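Because the structure is predicted, anything quoted here is derived from the model rather than measured. Indexing begins at 1, ligand by ligand and atom by atom, following the structure's order. Because only heavy atoms are used, hydrogens play no part in the values below, and waters and symmetry mates are left out as well, while side chains stay in.
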Amino acid sequence: MLVIEDLTRQYGGRRAVDGVSLQIEPGSFVGVIGRSGAGKSTLLRLINRLADPSSGRILHDGRDVTRLRGRALRDWRTRCAMIFQQFNLVGRLDVMTNVLMGRLSHVPSYRSLLRQWSEEDRAMALAALESFDMGEFAGQRADGLSGGQQQRVAIARALVQEPEILLADEPVASLDPRNTRLVMDALAEVNRRYGITVLCNLHSLDLARAYCDRLVGLSAGRVVFEGGPFDLTEDV
Ligand code: ADP
Ligand code: ADP
């Protein structure tokens with residue numbers, strides 16, 4: 001269980017996230033919706049510690065992750081993988097190598113030279129790609145793929161981290177409707193088949209309703225709605 005308690009992040013005088021309290025059930029698929037600037041991205045970045053809160057706590061199974069340092073912080077970041085609107089693959093490397101990057105935190109450092117991956121790591125990376133119909137692209141350069149394909153590679157990379165939580169920051173914002181569906185289906189697969197909690201920032205309420213089992217509405221950094229996908233009637 002992830003428990004967020006009165007979380008605030010200020011930038012200058014403005015609160016990007018303002019007193020947010022939430023409970024995220026393990027295995028749930030939670031959509032965070034709200035307009036641009038509502039604080040969605042900051043909330044996800046606070047959870048995996050790409051940003052630090054001004055005040056408040058984030059408890060994971062009772063432990064305050066906002067205080068983690070060093071090795072414990074690296075472990076936490078492995079346990080909550082993140083994907084981004086712009087995919088963040090290494091374009092000039094092949095797809096397989098990009099996915100293997102997700103294994104880096106699991107291998108002893110002497111093996112992290114990229115050519116020395118174990119058969120197990122390679123098999124896991126290929127299986128992840130195949131889960132999202134991307135197996136045939138394993139040997140291709142990442143920057144030759146379409147946006148939707150790149151995002152599915154990024155999801156495979158996140159999956160081989162063996163996370164408990166996947167944080168998805170506007171994962172479909174730059175995709176056309178068909179690729180949007182393919183990427184959201186991949187996130188649904190991550191959630192259902194692997195039991196990974198998914199926390200996904202979305203602009204579209206329709207999409208959130210179609211895929212999420214719980215919705216959080218943010219406006220000006222505050223939670224203005226929390227409930228089932230069809231409990232929300234008006235725009236956030
Ligand atoms: P959303 O993801 O909902 O679009 P963000 O979390 O990106 O919202 O931003 C919330 C508010 O915080 C915005 O006003 C944004 O400009 C501000 N903000 C976010 N990150 C920073 C930062 N690193 N420095 C200053 N302001 C920031
Ligand atoms: P998105 O709309 O996809 O959430 P943003 O454009 O708000 O992303 O932010 C992109 C990056 O710029 C993030 O790292 C965010 O923290 C940073 N950022 C956002 N707003 C500001 C700001 N006003 N000043 C400085 N950095 C910002």
Side-chain angles (χ1 to χ4, degrees), residues 2-24 28-60 65-69 73 76-77 80-89 147-148 150-151 154-155 158 163 165-176 179-180 183-184 186-187 190-191 197-227 229 231-236:
L2 194 67
V3 179
I4 297 171
E5 289 182 350
D6 201 14
L7 195 68
T8 292
R9 169 69 212 216
Q10 275 186 225
Y11 289 109
R14 291 188 59 185
R15 295 179 169 189
V17 165
D18 187 3
V20 166
S21 295
L22 290 171
Q23 299 203 358
I24 312 289
S28 55
F29 192 143
V30 179
V32 182
I33 53 178
R35 299 209 165 87
S36 190
K40 304 180 297 295
S41 177
T42 303
L43 178 62
L44 294 201
R45 292 156 53 83
L46 288 167
I47 292 171
N48 90 337
R49 295 283 307 277
L50 286 173
D52 285 323
S54 306
S55 62
R57 303 197 300 172
I58 301 171
L59 302 170
H60 179 251
V65 303
T66 66
R67 300 185 170 277
L68 301 176
R69 299 280 177 271
L73 176 56
W76 171 243
R77 288 195 171 132
C80 51
M82 191 149 174
I83 63 168
F84 303 89
Q85 179 176 342
Q86 292 309 323
F87 328 123
N88 294 8
L89 301 180
Q150 289 194 44
Q151 192 63 291
I155 295 169
I165 303 169
L166 177 63
L167 305 170
D169 192 5
E170 303 272 5
V172 296
S174 63
L175 303 181
D176 62 32
N179 278 299
T180 290
V183 165
M184 292 305 294
L187 292 177
V190 163
N191 176 244
T197 308
V198 176
L199 199 56
C200 181
N201 289 351
L202 291 167
H203 269 109
S204 153
L205 181 56
D206 286 341
L207 211 54
R209 280 191 174 136
Y211 284 92
C212 304
D213 45 47
R214 197 139 190 94
L215 298 185
V216 173
L218 284 186
S219 178
R222 305 189 71 93
V223 175
V224 293
F225 170 82
E226 198 190 349
D231 298 336
L232 183 62
T233 48
E234 71 222 81
D235 241 8
V236 198

Test item: T8 side-chain N/O and G19 main-chain N/O as donor-acceptor pair under 3.5 Å
yes
Provide the number and element of each atom of ligand 1 under 4.0 Å from a heavy atom of R35.
3 (O)
Out of all atoms in ligand 1, which are within 4.0 Å of some heavy atom of A16? Include the element for each.
10 (C), 11 (C), 12 (O)
R14 touching ligand 1 at heavy-atom level, < 4.0 angstrom:
yes
Not counting sequence neighbours, which residues clear side chain to side chain donor-acceptor pair (under 3.5 Å) with T66? List them please.
D64
Any idea which atoms of ligand 1 are less than 4.0 Å away from a heavy-atom of S36?
4 (O)
For L2, run the side-chain contact (heavy atoms from CB on, under 4.5 Å) check against L59, L22, I58 and tell me which one passes.
I58
Is there a side chain to side chain donor-acceptor pair (under 3.5 Å) between D169 and S41? Walk through the geometry before answering.
CA-CA 6 Å; D169 192 5; S41 177; 2.8 Å; yes
Who pairs with D6 by side chain to side chain contact (heavy atoms under 4.5 Å, CB included), at least two apart in sequence or on another chain?
S21
Shortest non-hydrogen pair, L166 vs M82, comes out as CD1-N, 4.4 Å
Out of all atoms in ligand 1, which are within 4.0 Å of some heavy atom of T42? Include the element for each.
5 (P), 6 (O), 9 (O), 19 (C)
Please find the pair of heavy atoms, one from A154 and one from I83, that lie closest to each other, and give the distance.
O-CG2, 3.8 Å
Any R45 heavy atom less than 4.0 Å to ligand 1:
no
Side chain or backbone, does N201 bring an N or O within less than 3.5 Å of an N or O on ligand 1?
no
Regarding ligand 1, does G37 bring an N or O atom to under 3.5 Å of one of the ligand's N or O atoms?
yes
Option whose closest heavy atom lies nearest to atom 7 (O) of ligand 1, chosen from A51, A220, S41:
S41
Give, for atom OG of S55 and atom CG of D18, the distance between the pair rounded to the nearest 0.5 Å.
9.0 Å
Is there a heavy atom in G34 that sits closer than 4.0 Å to ligand 1?
no
If we number the atoms of ligand 1 from 1 as shown, the ones under 4.0 Å from a heavy atom of A38 are 1 (P), 3 (O), 8 (O)
